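Since this is a predicted model, take the numbers as computed values, not measurements. By convention in this document, chain letters (A, B, ...) are assigned in the order of the sequence lines, proteins followed by strands, and residues within each chain are numbered from 1.
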Amino acid sequence: MARPIAARVLEPEPIAAEERVADFGGGPPAPPRAEPVIGNAQLGVMMFIGAEVMFFAGLIGTFLVLRLSSDVWPPLSQPRLPVVVTGFNTAVLLASGLTMHAALQGIRSNHTAQLVKWLGVTGLLGFVFLAIQGYEWVRLIQFGLTMTSGLYGSTFYALIGLHGLHVLGGLVWVGVVHSKARRHRYSSGSMTGVEVCSMYWTFVVALWPVLYGLVYLY
Amino acid sequence: LNRFVALGCVLFGTHSAFGAENERIVEAFNWTVVFLMGMPYVILAGVAGWIFYHYSRSRRKKVADERGSSLRLVKKESLEDE
């Protein structure tokens with residue numbers, strides 16, 4: 001007969017929400033934690049981009065020393081760079097920045113189809129950029145501009161080549177995000193993966209006009 | 001000794017190494033040093049601007065959400081009164 005008594009003792013009495021106190025130390029219940037304005041992933045990627053900016057600043061510094069100290073640039077024996085084709089390529093890469101922005105807007109308004117579509121277009125434009133760069137490089141090598149042909153060649157391939165590697169890395173990243181977006185892994189409440197990818201791609205796109213202006217036009 | 005220590009400085013070093021006859025190289029180094037010195041400040045300004053943009057956007061969104069919820073409440077109450 002003691003069974004119902006024990007059951008009654010173990011069952012906690014219901015407490016009204018306003019009477020509840022914290023388990024340790026007393027006091028009113030803690031207010032709900034405010035959501036941070038900037039997530040840890042975004043902050044981490046921003047720090048990574050800061051390091052990348054310094055990396056490219058070092059390379060641009062090297063280029064500036066060589067460029068400013070030369071009387072004739074490019075050296076007379078070296079081929080001229082294809083300014084017009086690369087100008088078109090610049091437009092292609094800038095357009096990919098816009099499509100990436102459209103993809104981000106799509107997932108912000110919870111339109112997965114829009115995200116998938118614009119990410120696909122971004123990847124395609126990135127691929128076109130790399131393909132044109134590759135074609136240019138083949139032609140330049142045929143004309144005699146190589147890494148070992150002089151300071152002009154080595155600085156050109158170091159700066160433009162490393163940017164190309166960054167575009168390739170970004171392209172792989174866009175591909176991964178695109179594949180996950182197709183499987184409906186993102187929503188307006190969970191889109192950190194898209195945001196950090198967009199940040200990196202924006203950096204890669206924004207860097208290119210600086211390099212184009214310095215290496216091709218200056 | 002002073003001269004030896006001062007060679008550690010890029011500006012003094014380039015002047016000593018290249019001399020007045022290579023003013024162009026010295027100037028190139030000087031401009032590059034200025035560029036590299038300025039880059040951390042550019043990054044700092046960029047990150048600060050980015051944080052400020054996100055912070056102000058989140059505040060605007062919060063205010064808009066609060067206005068929206070109070071408007072919905074007023075609308076609900078007026079419908080209940082009717």
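Heavy atoms of other residues, nucleotides or ligands lying less than 6.0 angstrom from CZ of A:R108 number more than 12. Counting heavy atoms of neighbouring residues, nucleotides and ligands inside a 6.0 Å radius, atom CG of B:D65 exceeds 12 of them. The local environment of CZ in A:R183 is crowded, with over 12 non-hydrogen atoms from other residues, nucleotides or ligands closer than 6.0 Å. Enclosure of atom NE2 in A:H101 is not indicated, since only 12 or fewer non-hydrogen atoms of other residues, nucleotides or ligands lie within 6.0 angstrom. Heavy atoms from other residues, nucleotides or ligands lying under 6.0 Å from CE of A:M47 number 12 at most.
When the side chain to side chain donor-acceptor pair (under 3.5 Å) test is applied to A:S187, no partner is found at least two apart in sequence or on another chain.
Annotation for A:M46 and B:V47: closest pair CG-CG2, 3.9 Å, computed over non-hydrogen atoms. Residues B:A28 and A:S69 share a closest heavy-atom pair of CB-N, 3.7 Å.
Taking the side chain as every heavy atom from C-beta outward, B:R57 and A:V37 never approach each other to under 4.5 Å. Counting heavy atoms from C-beta on, the side chains of B:I43 and A:M54 come closer than 4.5 Å.
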Test side-chain contact (heavy atoms from CB on, under 4.5 Å) applied to B:M39 and A:F56, step by step: CA-CA 10 Å; B:M39 280 319 283; A:F56 274 98; over 6 Å; no
Worked check of side-chain contact (heavy atoms from CB on, under 4.5 Å) between B:W31 and A:L64: CA-CA 8 Å; B:W31 278 113; A:L64 280 178; over 6 Å; no
Derivation and outcome, side-chain contact (heavy atoms from CB on, under 4.5 Å), residues A:I38 and B:Y55: CA-CA 8 Å; A:I38 297 161; B:Y55 180 73; over 6 Å; no
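Of all residues in residues 149-179 of chain A, none places a non-hydrogen atom less than 4.5 angstrom from a non-hydrogen atom of chain B.
The line from CD of B:E27 to CG of A:L68 is 8.0 Å long, rounded to the nearest 0.5 Å.
Most heavy-atom pairs under 4.5 Å with chain B: of the set A:V53, A:I49, A:V65, this distinction falls to A:V65.
Residue contact with chain A, scored on non-hydrogen atoms closer than 4.5 Å, is absent for B:L44.
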